[in-house]
> 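Below is one structure. I have some questions about it.
No hydrogens, no waters, no symmetry mates; every other heavy atom, side chains included, goes into these values.
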Amino acid sequence: MKQFVILSTTLWLLLSSTVNAQSLADLQQLRQQAQQSGQNTAPGQAQTQAAPANVAPMSLSGPRTITSMNGGLPQNGQYYNQSRQGQPLPGEPTIDSVFPEQMPMENPPYAANLFIGGFESERADGLNDNYLIAQGDKISIWMWGAVNFADVVTVDNQGNIFIPNIGPIHVANTPAGSVNSRVTSRIKQVYTNDVSVYVNLLTSTPVSVFITGPVLRPGQYAGQASDSVLYFLKRAGGIDFQRGSFRKIDIKRQGEIIASADLYDFIKNGKLPDVSFKDGDVIMVRPVGATIIVETGARNSFTFEFNDNELDGNNLTEYATPRDFVNQVSIAGVREGNQFSRYLSLNAFEDFPLRAGDTVEYIDDHEQKVYRINIQGSHTGPSQVMVDKGTRLQEVLTYIQVNQKLSDIDNIFLLRESVAQQQKEILDRSLKQLERSIYTAPISSTGEGGIRVQEAQLVSDFIARAREVEPLGKVVVSEGDQTANVLLEPNDTVVIPAVTDLIQIGGEVMMPQAVVFNPEATAADYIAWAGGFTQRADDERILVIRKNGLVEFDQINGAVFDEDEGEIDLRPGDQVIVLPSIDVKSLQAVKDITQIIYQIAVAANVALD
């Protein structure tokens, strides 16, 4: 037992010593130290001081280290056996680094939407009946009756499957829908009676197809032999819109073109080449041919690619599909180095020869002889009428049905789109002038500069809100019992106000509301009934908008009326709007802002503070 303890201690010292034994003398010295340690150990203490018996050499530390093969870099790399899903590796080229940045096309190529979405990741549950059996495919075979057999066989390199007692059966290049009958007929040659056979193609071997030409990611891609050319093109990122042809796509096998695809024919007629791909096939996208751009006026406003014998107006119109009522065509391009343009009727355009790079617009250029007039307000007839060009207001009024007791026919007004657009343009010009004045005003001191910064921020907020206002485009056509017989424009709206007994009070008053008309009351009375002015009210000019759209101003000096005030006689249906005041001390552009506030109030019937 003592010798066992000495031997264990010796082993422990040899393994745990930090001395690097380089010679026999060193080993003898270590052995002597172990023996001395064993002699000085009491028998009862031998087991408690002994080192653990299970010591692995790889867990021991020594004075020498081995330099890492990765140069000291952290070992955090991993191997993946799944698809990267398009994620590039560090340093790997990407589309952004290979292709120069290009502006988006306003008119993308016709049929470009074929490459939208992820249809290349979708798979049908079954195999195509036209799929041709290839080496590596797996076929399940069942036989029952006089002979029982069930197995899954693989098509070998010679295109055969082997069945015991039957022998090899050649199935390569057999359509998947015919493999059952082919194998069954061969088995029936051996087992003629009382044997039933069922054959089914289980899996098909992937094929490797090369895709080249102007595609986004040319290279080698795997797929099923029955996959379409669209599937492989989408795997390669689709055709490059700027360089690739959608009409000249060749499928090559062993250097020979076996089929060609025209995606226009697929979009229009649903035709694609019926090809069963094999390993090594090449899909080659040719460079783009002559293109014609259809800008506007067509349901298909795209960039079209044509062969040289197709460059005429008839073919373009067939693909572009002009909108209804189009009767004219504008063509712009270059002929013999000079600018070229034509304006033709749609019928004359059919035989017009086009050139590569031409730009075409389909235009509805009919003279508008009949247009629509809208009727709003208090009336009992239809809300729209169609009138001939040159019709005037009073001619339309004779066809509008109204209730004499409920309709105020003395205060009719128009809403006109062209007037609203002009009001918007005037307002925009005023806002731009205000913006220039506030940002180009001179500064004479640091204190004034701080004030101008705050002023500019306030004015900018005001301008942003003012630009959101949409003018109504009111046209005043009535005064008293007289109505102007104005010429109507397309989409004019004839507004017939309803009879009312109310006065509307809004703007900078405490409680905007409607008050029953009082023939004895003035503007000050109505404002008082609305709670009076707010602290920001401009009490010197009160805006009164008549029922027919006319605008007038009343005046109040302070909170109390004098003998010159309240001269405007209010009538039922009028609006009293109190505008906000502008602090002259804080804003330099007070005059411009006040003018804009008046324009907004008149054009849109709102008070913008």
> Run the side chain to side chain contact (heavy atoms under 4.5 Å, CB included) test on Y264 and F304 for me, step by step, so that the C-alpha distance in whole Å, both residues' side-chain angles and the decisive distance to 0.1 Å come before the verdict.
CA-CA 9 Å; Y264 282 21; F304 293 90; 4.2 Å; yes
> If you measure only the distance, is there a donor-acceptor pair under 3.5 Å linking the side chains of T359 and E295?
no
> Which heavy atom of V229 sits nearest a heavy atom of A261, and at what distance?
CG1-CB, 4.2 Å
> Can you name the closest pair of heavy atoms from G390 and Y371 and give their distance?
N-OH, 3.4 Å
> Within a strict 4.5 Å, meaning less than it, do heavy atoms of the V578 and I527 side chains meet?
yes
> Check whether H366 reaches the backbone of F325 with its side chain - one donor and one acceptor, N or O, closer than 3.5 Å.
yes
> Looking at D492 and E489, would you say the former's side chain and the latter's main chain have a donor-acceptor pair under 3.5 Å?
yes
> Answer yes or no: is there a donor N or O on one side and an acceptor on the other, between the side chain of S407 and the main chain of A498, under 3.5 Å?
no
> What do you reckon, is CD of Q384 surrounded by more than 12 foreign heavy atoms closer than 6.0 Å?
yes
> How about D461: does its CG atom have over 12 heavy atoms from other parts shown lying under 6.0 Å from it?
yes
> Would D365 and Y343 count as having a side-chain donor-acceptor pair, cut-off 3.5 Å?
yes
> Take R571 and D410 through the test salt bridge (charged side-chain N to carboxylate O under 4.0 Å, His left out) and record every step on the way to the result.
CA-CA 12 Å; R571 296 187 288 268; D410 293 334; over 6 Å; no
> Do the side chains of K424 and E417 get close enough for a salt bridge, i.e. N-O under 4.0 angstrom?
no
> Any donor-acceptor pair under 3.5 Å linking the side chain of N307 with the backbone of N309?
no
> Check the pair L543 / F553 against side chain to side chain contact (heavy atoms under 4.5 Å, CB included), numbers first and verdict last.
CA-CA 5 Å; L543 187 66; F553 287 93; 3.5 Å; yes
> Identify each donor-acceptor pair in which a side-chain atom of residues 329-339 lies under 3.5 Å from a protein atom, sequence neighbours left out, and give them as a table.
unit_1	atom_1	unit_2	atom_2	d
R335	NH1	D358	OD1	3.0
R335	NH1	D358	OD2	3.4
R335	NH2	D358	OD2	2.9

> Which heavy atom of P108 sits nearest to which heavy atom of F302, and what is that distance?
O-CB, 3.2 Å
> Which heavy atom of V285 sits nearest to which heavy atom of G244, and what is that distance?
CG1-CA, 4.3 Å
> Is L550 close to I545 at the side-chain level, that is, under 4.5 Å between some pair of heavy atoms?
no
> Less than 4.5 Å apart, side chain to side chain, heavy atoms only: is that true for Q423 and E470?
no
> Side chains of T317 and P322, heavy atoms from C-beta outward: is any pair under 4.5 Å?
yes
> Atom CD in E508, atom CD1 in I577: separation rounded to 0.5 Å?
11.5 Å
> Identify whether the distance between the nearest side-chain nitrogen and carboxylate oxygen of D324 and R299 falls below 4.0 Å.
yes
> Scan side-chain atoms only and decide if Y362 and S301 contain a donor-acceptor pair under the 3.5 Å cut-off.
no
> Quick check for you: to the nearest 0.5 Å, what is the distance between R286 atom CZ and K248 atom NZ?
9.5 Å
> Establish, from distance only, whether the side-chain atoms of E305 and S245 form a donor-acceptor pair under 3.5 Å.
yes
> Using the side chain to side chain contact (heavy atoms under 4.5 Å, CB included) rule, take V495 and I412 through it: C-alpha gap first, then chi angles, then the decisive distance, then the call.
CA-CA 6 Å; V495 181; I412 295 174; over 6 Å; no
> If you look at every heavy atom in A320 and A298, which pair is closest and at what distance?
O-CB, 3.4 Å
> What distance separates I426 CD1 from Q421 CD, expressed to the nearest 0.5 Å?
11.0 Å
> Write out all pairs satisfying salt bridge (Lys or Arg N to Asp or Glu O under 4.0 Å) with one or both partners inside residues 380-394, taking only residues at least two apart or from two chains.
E367-K389
> Taking R323 first and then D364, would you say they form a salt bridge - that is, a charged N and a carboxylate O separated by under 4.0 Å?
no
> Kindly indicate, with the supporting measurements, whether the criterion ring-ring contact (aromatic ring centres under 6.0 Å, His included) is fulfilled by Y110 and F246.
CA-CA 8 Å; Y110 181 69; F246 282 73; 8.9 Å; no
> With rounding to the nearest 0.5 angstrom, report the CG to CG distance, D538 to L579.
6.5 Å
> Between D265 and K271, is the closest basic N to carboxylate O distance under 4.0 Å?
no
> In Å, rounded to the nearest 0.5 Å, how long is the span from CD of E310 to CG of N315?
5.5 Å
> Should K547 and D408 be marked as a salt bridge (charged side-chain N to carboxylate O under 4.0 Å, His left out) after you check the CA-CA gap, both sets of side-chain angles, and the distance that decides it?
CA-CA 9 Å; K547 201 173 183 181; D408 190 355; 3.0 Å; yes
> So, D240 side chain and L216 main chain: donor-acceptor pair closer than 3.5 Å or not?
no
> Side-chain contact, heavy-atom cut-off 4.5 Å: I211 with F232?
yes
> Tell me whether N107 contacts the main-chain N or O of V294 through its side chain, where contact means a donor paired with an acceptor under 3.5 Å.
yes
> Spell out, as yes or no, whether a donor-acceptor pair under 3.5 Å connects the side chain of Q394 to the backbone of T483.
yes
> Quick one: are F306 and L316 in side-chain contact, heavy atoms under 4.5 Å?
yes
> A side-chain contact here means heavy atoms from C-beta on lying under 4.5 Å apart; do I249 and L233 qualify?
yes
> Residues two or more places apart in sequence or in another chain: which of them pass side chain to side chain contact (heavy atoms under 4.5 Å, CB included) with V396?
I375, V385, V387, T391, I400, L488
> Are the side chains of L414 and V494 in touch, meaning some heavy atoms are under 4.5 Å apart?
yes
> What is the minimum heavy-atom distance between V402 and S378, and which atoms define it?
CG1-O, 3.9 Å
> Do you see a donor-acceptor pair shorter than 3.5 Å between the side chains of E361 and T296?
yes
> Which value, rounded to the nearest 0.5 Å, describes the distance between L230 atom CG and I283 atom CD1?
9.5 Å
> Side chain to side chain contact (heavy atoms under 4.5 Å, CB included), that's the test. Do N374 and R372 meet it? Break it down for me.
CA-CA 7 Å; N374 304 306; R372 179 183 61 190; 3.7 Å; yes
> Does the side chain of R546 pick up a donor-acceptor pair with the side chain of N411 at under 3.5 Å?
no
> Please verify the inter-ring angle class for Y526 with W529; under 30° counts as parallel, over 60° as perpendicular, anything in between as tilted.
perpendicular
> Looking at I503, D569, T500, which one forms a side chain to side chain contact (heavy atoms under 4.5 Å, CB included) with D574?
I503
